[in-house]
Amino acid sequence: MTDSAQLSYLVASVCFILSLKGLSSASSAQRGNVLGIIGMAIAVFATLFLSKRGYVSLLAIAIGGTIGTLIAKKIKMAALPQLIAAFHSLVGGAAVLVAWITFSSPQTFNIAPPISPPVLLELGLEAIIGAITFTGSIVAFCKLQGIFPKKSFFNFISSNKKSDTNNKSTSPQNKSIDSNESIDSNKTDDPQPASNLFTTVAQYISKLRRKLIDAHPFVKHLIGDGSSMLTIALGLGCLLLLLLFVLTQSFFVFLQLVILSLILGIYLIAPIGGSDMPVVVSLLNSYSGWATAATGFTLSNHLLIITGALVGSSGAILSYVMCKNMNRSIWNVVFARTTHSDAPSSTCSSARAKVSSPEDAAFILNNASSVIVVPGYGMAVAQAQRSLCDVVSMLTSRGVRVRYAIHPVAGRMPGHMNVLLAEANVSYDDVFELDDINGDFAGTDVALVIGANDITNPAAYEDAQSPIYGMPVLRVDKAGTVLFVKRSLGSGYAGIDNKLFYRDNTMMVIGDAKKVCDELAKSLKAL
């Protein structure tokens, strides 16, 4: 590698480091993005300069760039999490292919056969990390897109028949006190993802699983209710195959290693419940970074090593921070299999929610002196951020103090709500994290919740049996009035009821977030 290429890679690495530093703050995020773009441009041009097949590389870049541009123009902001998950799969797949080609044709990468054990170890680790990232990211994409069920896949299988029976026998029980209009409390905010084909397959697997469990009780510890023991067994199998690959340098063993790692990636992500998907996206980001670093070691490319280490470590740190904010551990998120309950709790099913109209909600907001807005995934789905900002602008023009409260895991990826609010030109000074604003709800007249659910659920500090118990949530219940904009009284992504809907100081405004915000703005103009 020439000195000019080495210098270019060094400059690109510095740009990436400064970019990551810039992205740590909302005020410097734009500068960080610009530095990242400059660094990537330098890295691409330096690589093209080194390439012996420049025209082929340019053609590949043109094809990939065209596809990426088309996707970027068509993708909606609400679909960013699954887009990121899909892109992570490409990084993992590329790592596997590089390891495969390097092992098959070591001379291409200036590696003299026979390949030394340290290089074989690098190739094996690269294949494992890349394969896990590839299939795990695809599963995450399917779960976020609604192809997989939002709850744990294995809990879905184990409770499929039971949930079908419940769905047939369940009838709406929640009625609004104000309008006496029947509202289905079992309807969720997320689209029903399981197709008839998927349900049929799940029922078949459920029957097979039951037969295996009945055949021998020990089998339950491996496959019963999505136990983590099988995941650990697959992981140990990958390590044993890695050792065998280093000792034998066998292509057949390498192929088995890749296949088993692909299976491990599926089983590692599929059982994780929907409420943990933001952490999963962050973890997959970390995996893709380590896969890139492993590729760098294989190709003796210092830029890939530095960049991969930056992405891998930052993703791991972010995952740790998010788990800490959820009062969970990484081990608990990855290996714990949360039981999902389909039936609504007796407390919620027998309670009544006060349902208000947008006109009444506008009157309450207009007479408030302080308002805290809590955005959630419902706002992202409805693309309501700009309509919400119109409402906020009217309130601030009338002397109402309005702030935004962001939960660390609101939405489907880290910073999801921050991105949406930034798109709507919300000032950074008005956006506060959970720890900074949670104590202010008690002195706030109105808490306006837009499409959020689990991050405001009192079960996190009241119900010790709840799957989210101990998770820090926004204490909107302490506000004078809670205006809850939601499409139904159904459960959120975690699949559990929210007792906040039935509190005395809560008023539900049922409907699409954008339509409700538009009606709020119209009603405020009339006041």
Side-chain angles (χ1 to χ4, degrees), residues 75-86 140-152 187-193 272-282 322 325-326 333 340 372-389 404-424 426 431 433-434 447-457 459-460 467-468 471-474 476 482-498 500-501 508-517:
I75 199 71
K76 295 180 179 180
M77 292 296 289
L80 277 180
Q82 46 265 51
L83 176 66
I84 291 174
F141 167 82
C142 291
K143 291 173 76 71
L144 290 166
Q145 187 66 19
I147 300 173
F148 270 25
K150 63 184 177 179
K151 57 186 176 180
S152 165
K187 182 181 178 182
T188 64
D189 272 351
D190 296 296
Q192 295 299 320
I272 298 177
S275 59
D276 292 328
M277 288 312 294
V279 180
V280 171
V281 172
S282 179
M322 294 176 69
N325 285 318
M326 295 169 62
V333 169
H340 178 98
I372 296 179
V373 180
V374 179
Y377 188 65
M379 184 189 77
V381 172
Q383 290 290 283
Q385 59 269 24
R386 295 188 182 276
S387 297
L388 174 62
C389 286
Y404 296 84
I406 306 297
H407 193 280
V409 294
R412 297 294 183 268
M413 71 175 184
H416 198 177
M417 296 301 106
N418 301 77
V419 171
L420 294 175
L421 294 179
E423 183 197 24
V426 173
V431 180
E433 300 296 332
L434 179 145
L448 178 59
V449 184
I450 307 291
N453 195 336
D454 300 322
I455 60 174
T456 63
N457 198 329
I468 65 170
M471 170 180 142
V473 296
L474 291 165
V476 298
V482 180
L483 292 177
F484 217 120
V485 179
K486 200 169 179 291
R487 287 186 295 182
S488 73
L489 298 180
S491 60
Y493 210 54
I496 56 177
D497 288 313
N498 193 341
L500 182 63
F501 299 163
M508 303 295 300
V509 184
I510 304 299
D512 176 82
K514 187 178 187 306
K515 293 180 180 179
V516 170
C517 288

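Hydrogens, waters and symmetry mates play no part in the numbers below; they use all other heavy atoms, side chains included.
- Judged by distance alone, with hydrogens and angles left aside, the side-chain atoms of Asn457 form no donor-acceptor pair with the main-chain N or O of Leu500 at under 3.5 Å.
- The two atoms that bring Pro472 and His407 nearest to each other are O-NE2, 2.6 Å, heavy atoms only.
- The distance from the CG atom of Leu434 to the CG atom of Leu474 is 4.5 Å, given to the nearest 0.5 Å.
- How far CD1 of Ile406 is from CG of Leu421: 5.0 Å, rounded to the nearest 0.5 Å.
- A 4.5 Å side-chain heavy-atom check between Val281 and Leu144 finds at least one atom pair inside the cut-off.
- What you find for Ile455 and Ala410 is that their closest heavy atoms are CD1-CB, 3.9 Å.
- Using a 4.5 Å heavy-atom cutoff, the side chains of Val409 and Met471 are in contact.
- The two residues Ala513 and Ile450 come nearest to each other via the heavy atoms CB-CG2, 3.9 Å.
- Rounded to the nearest 0.5 angstrom, His416 NE2 and Ile84 CD1 are separated by 8.5 Å.
- Here the straight-line distance linking atom NZ of Lys514 with atom CE of Met379 works out to 13.0 Å at 0.5 Å rounding.
- Here CG of Leu489 is found 4.5 Å from CD1 of Ile510. Values are rounded to the nearest 0.5 Å.
- The ring-ring contact (aromatic ring centres under 6.0 Å, His included) test applied to Phe501 returns Phe484, not counting sequence neighbours.
- Annotation for Cys517 and Ser387: closest pair CB-CB, 3.7 Å, computed over non-hydrogen atoms.
- Considering only heavy atoms from C-beta on, Glu433 comes within 4.5 Å of Asn418 through its side chain.
- Distance check, rounded to the nearest 0.5 Å: CG of Leu388 to CG of Leu420 gives 11.0 Å.
- The side-chain contact (heavy atoms from CB on, under 4.5 Å) test with Leu448 singles out one residue from Val509, Val476, Ile372, Val485, and that residue is Val485.
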